[in-house]
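Reminder, nothing fancy here: chain letters follow the sequence lines and each chain counts from 1.
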Amino acid sequence: MIWAVLIATGTVVATGIYLALSRDLFRCLIGLALLGNGINLVLFSSGRLNTQVPPIIKQAETTLHNAANALPQALVLTAIVISFALLCFSLVLAVRIIQLSGNDDILAIRQAEPPATDSIKPALEEEP
Amino acid sequence: MGRLSNNCKEARAPLANVFISCVPSLLFLGLILSLYHVPLPWTFVLPWVPSLNVDLDVYIDGLSAQFLLLITGIGSLVFFYARGYLAGHPKAKRLFILLVLFLFAMIGAVVSDNLLVLFVFWELTSVLSFLLVGFNHEDVGSRKSAQQAILVTGVGGLFLLAGFILLGEIAGTYSIQAFLHSPSVLINDSRLGVVLVLIFVGAFTKSAQFPFHFWLPNAMAAPTPVSAYLHSATMVKLGIYLLARLDTAFSDIIFWEYALVGTGTLTAVFAAVQTVYERDLKRILAWSTIATLGTLVMLVGLPGHGAALATVALFFAHALYKAPLFFVAGNLDHGAGTREIDKLTGMRHYMPWTATAALVAALSMAGLPLTFGFVAKDAISFAKAQAEVLHLVSYATVFVNVVSVAVAAIAAIHIFWGHDTIPRKSHPHEAPASMIIPPLMLVLCGIVFGLAPTLIDPLLGAAAKAMSPEFDATTVNMAYDLAPVIEVTLGTIALGLLVYLRWDWLHERLSRITFLEKVGPEGWYLAIMDTLPVIAARLTRIVQHGILPRYLMTMLVTVAVLLLVLLTAADPPWLWPPSTNLGVPVASASLLIIVGGLAACFVRDHLVLLLVGGLVGFGSAVLFMFTGAPDLALTQFFVETVFVVVVATVLVKLRRLKIRDRQVPLEPLIRPLDLFVAMAFSLIVVVLTLLVSALPFDAQLTDFYATRSLAEAHGRNVVNLILVDFRALDTLGEISVLFFSLIAVLPLLKRIGDKRP
């Protein structure tokens, strides 16, 4: 079944990158979210998927036996929360910029890198 | 009260200057005393960077001692002179501090036995030269000259470093003495030529040899004490010092001899011609300094111990007559307000002491008998006779000597004698004592050593011995014993006076030939300086194009290529992962993810896109649930739900604002290039995951948490314990990130729907 997980991972990573390369700011953001999801899957499956038993020590025992790998789970848990914070922030930023410039075309948003005004530097490429 | 403290401050500043200006004098006296009592060479080691085998190995032989004497001796007078020259100048203290730093950098450079340490001090002198040339930094000319000086010598320094490293690696040692004692490893190495060329570039840029000479006349933008000290007496001779230091190892190599004699002679002749172009006394002196530097390089290249003696003698003589002439130029600037030779005649009436100094210095420069200049010329003739140089080189030396006689005449006769017929606003006046004593003392030394060369013989002999081990005292006597030299000298002086009389005519003739300025090395330098910013700007535009998807593409391709390279280099075992039986739930969760992912690519509507994107998140949550990670599943469900709900709200709000109404789609649904990059990248990621899963599992960390959780953290949920106990600090950081992003989001969120900027 590792195959199914791997194909799913590949699809999500590819979709994430494809959307992130888009000119549409919103699609770009969703792309980032999916890319994060895909990488979480990579991390998770690198810890080996062998069992359905959660890593919880049973009442009668003192050590963990025959349970899922706890370490990647902890890492992925952190990653999920952090990427949530990142996405919320970039989403608000994006919405605000869309609202201010009245446009969600990435190529049209040029506030950070305006065309050059001096003679030495050639102007930025024109919008296609 | 305020005025009082101000006065105190003003009174204190010169006191500090007095204190600083005593530094070189004290060093000089200490050095003289030590030289009398302790025989050369002196060696000692100060550990510096033991791990790199770089120590401050100090080795002082005759050559170093001669440089040390000049650095501290001329330094004492320069510091003394600068006190008068910059009296009341607001930045005088700055100059003194820079000069003291320079003094120590120079001392470090000439006493160091380690090539890398020598290089560090070498570069320090370049940096201090930059700061001193740019001393009047309000003036754009000063800044340009300072930039030119540091670029030329700095780039040369890089070549030198490369040469030193190559030399050190081939020879197996960075100690100069160790290398000089057994140079055969390098001499027989095929890379010898490269080493020599690299060292030549370094030494020639520092010592202003053709074609790197042009920075030196421009460096005359510095205050006069600086020009006299750095750009005539000491720093520019550092290149000569290095060549002289390495001379014993390489003197048998034909390339060494030809390169040095050729470059030196060319530089000397070129500079002698350039002298005639100038009307500013300081620039005239600068060009004549370059001519002398060329002669010195030529002498280092000549074989035989006569040449060694001539090098050190000329080096000494030049310091004794050129520094006073620079002082004279400074006095003229100070007293008459100009250095243009057209505006200066009959100055002896106003500045008798300066005139005396100029006259005696000029006698030495012209090489008249009874001066030390004559001794040096004598030694040069002997060296040339002994080395059997080409006639061409001989003629070139004579030509350079003729011009230097003419320059001496300009400085002594043209400026100070004759009638003062030029109308002026104010009368020129003599400089203060602090600016007269230094040049007079130096020219006095020139006369004393000229009358009794035996006084200085031990030092010159020791210095020459460092360049030529077979050197002995008899050579000194032989060199002084050449009667025919008198005739040559007189002939040179006669020719020189002729050039002096026709100086203005020559200047006018030569000034019509301007092509040298345009196509010369300085022209190339200027062209490079003009083109560099343009190339930089173009490059910036190519790299910083301002198109977000293209930046992203660059990053992805770079990471992909790096991963591929690493993968190829690591060459892991290409195995299939062991099969596991996780059953239908995992398969269906994967299917959910795949469907969500594929759909997201081909959906245009943003709301729908958000929902199919959410499908991927929920699919992952289901996957986590059936692979033993209920905590993850819970978190993922929660986060995904919140995200979708929040984004949907925002989207709806934006729709209401009519911002998202777009009739024509931004881009085609299928973008082949992007699709290709995305698929290639994900393929690499999948292959990597596959290879990792196929490797045997390293259970060390997993076992650590499995066995320690209950015993040390007193809990049963291992994932939880890792987060809140074992890695609690990480989790604290994570919470902080979450919190900070919330702080950043809140004000922006308030403004959404608000039309104001």
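If you measure heavy-atom distances from Phe626(B) to chain A, the contacts under 4.5 Å come from both the backbone and the side chain. Both the backbone and the side chain of Leu738(B) come within contact range of chain A, judged by heavy atoms closer than 4.5 Å. Interface residue Val81(A): backbone and side-chain heavy atoms are both found under 4.5 Å from chain B. Leu701(B) touches chain A through its side chain: at least one heavy atom from C-beta onward sits under 4.5 Å away, while N, CA, C and O do not. In this structure, chain B has heavy atoms under 4.5 Å from both the backbone and the side chain of Ser22(A). For Glu61(A), the part lying near chain B is the backbone, with the side chain staying farther off; criterion is any non-hydrogen pair under 4.5 Å. In this structure, no portion of Phe726(B) lies under 4.5 Å from any heavy atom of chain A. With a 4.5 Å cut-off on non-hydrogen atoms, Val647(B) touches chain A through its backbone and its side chain both. Heavy atoms closer than 4.5 Å to chain B are found in the side chain of Ile30(A), but not in its backbone. Using a 4.5 Å cut-off between heavy atoms, Val719(B) touches chain A through backbone and side chain atoms alike. Contacts between Leu77(A) and chain B at a heavy-atom distance below 4.5 Å involve backbone atoms as well as side-chain atoms. Heavy atoms closer than 4.5 Å to chain A are found in both the backbone and the side chain of Leu548(B). For a residue to count as touching a neighbouring chain, one of its non-hydrogen atoms must lie under 4.5 Å from one of that chain's; by this rule Phe44(A) touches chain B with the side chain only. Both the backbone and the side chain of Ile7(A) come within contact range of chain B, judged by heavy atoms closer than 4.5 Å.
Within the structure, salt bridge (charged side-chain N to carboxylate O under 4.0 Å, His left out) contacts touching residues 673-691 of chain B (residues at least two apart or in different chains) are Arg671(B)-Asp674(B).
Here CG of Leu29(A) is found 10.0 Å from NE2 of His606(B). Values are rounded to the nearest 0.5 Å. Taken from CG in Leu75(A) to CD1 in Ile722(B), the straight-line distance is 8.0 Å, to the nearest 0.5 Å. Here the CG atom belonging to Leu87(A) is positioned 10.5 Å from the OG atom belonging to Ser741(B), to the nearest 0.5 angstrom. Residue Ile17(A) holds its CD1 atom at 11.5 Å from CE of Met679(B), rounded to the nearest 0.5 Å. In this structure, CD on Glu640(B) lies 9.5 Å from CZ on Phe84(A), to the nearest 0.5 angstrom. A distance of 5.5 Å separates CZ in Phe624(B) from CG in Leu41(A), rounded to the nearest 0.5 Å.
Along residues 31-39 of chain A, the residues that come nearer than 4.5 angstrom to chain B, judged on non-hydrogen atoms, are Leu34(A), Asn37(A) in order of number.
Under the 3.5 Å distance criterion, the side-chain polar atoms of Arg27(A) are matched with a main-chain donor or acceptor of Val603(B).
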Step by step, work out the side chain to side chain contact (heavy atoms under 4.5 Å, CB included) result for Ile57(A) and Ser709(B). CA-CA 9 Å; Ile57(A) 303 171; Ser709(B) 287; 3.9 Å; yes

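Within the 4.5 Å cutoff, the side chain of Asn40(A) has no heavy atoms near those of the Ser620(B) side chain. In this structure, the side chains of Leu19(A) and Leu609(B) come closer than 4.5 Å at one or more pairs of heavy atoms. Within the 4.5 Å cutoff, no side-chain heavy atoms of Ser682(B) are placed close to those of Thr15(A). Side-chain contact between Arg727(B) and Thr78(A) is absent, with no heavy-atom pair separated by less than 4.5 Å. Considering only heavy atoms from C-beta on, Leu710(B) stays 4.5 Å or farther from Thr63(A) through its side chain. Under the 4.5 Å side-chain criterion, counting only non-hydrogen atoms from C-beta, Val586(B) is not in contact with Leu49(A).
For Gln73(A), the side-chain hydrogen bond (donor to acceptor under 3.5 Å, both in side chains) test picks out no residue, with sequence neighbours left out. Every residue was checked against the ring pair (Phe, Tyr, Trp, His ring centres under 6.0 Å) condition with Phe643(B), not counting sequence neighbours, and none meets it.
Residues Ser590(B) and Ala8(A) approach most closely at O-CB, 3.8 Å, considering heavy atoms. Here the closest heavy-atom approach between residue Ala4(A) and residue Ala587(B) is recorded as CB-CA, 4.4 Å. Of all heavy-atom pairs spanning Ile80(A) and Gln636(B), the tightest one is CD1-OE1, 3.3 Å. Ala20(A) and Leu552(B) make their closest contact through O-CD2, 3.3 Å (heavy atoms, listed as atom of the first residue, atom of the second, distance). In terms of heavy-atom proximity, Leu651(B) sits nearest to Phe26(A) at CD1-CZ, 3.5 Å. The minimum heavy-atom distance between Val718(B) and Ala70(A), with the atom names listed, is CG1-CB, 3.5 Å.
Screening Ile594(B), Val595(B), Val616(B) for a side-chain contact (heavy atoms from CB on, under 4.5 Å) involving Thr11(A) leaves a single residue, Ile594(B).
Within 6.0 Å of CZ in Phe739(B) there are 12 or fewer heavy atoms belonging to other residues, nucleotides or ligands. Atom CE of Met553(B) is surrounded by more than 12 heavy atoms from other residues, nucleotides or ligands within 6.0 Å. Applying the 6.0 Å contact sphere to CG of Asp605(B) captures more than 12 heavy atoms from other residues, nucleotides or ligands. Environment of CZ in Phe697(B): crowded, with over 12 heavy atoms of neighbouring residues, nucleotides or ligands closer than 6.0 Å. Atom CZ of Phe638(B) sits in a sparse spot, with 12 or fewer heavy atoms from other residues, nucleotides or ligands closer than 6.0 Å.
Of the residues considered (Val42(A), Asn69(A), Thr9(A)), Asn69(A) shows the highest number of contacts with chain B, using heavy-atom pairs under 4.5 Å.
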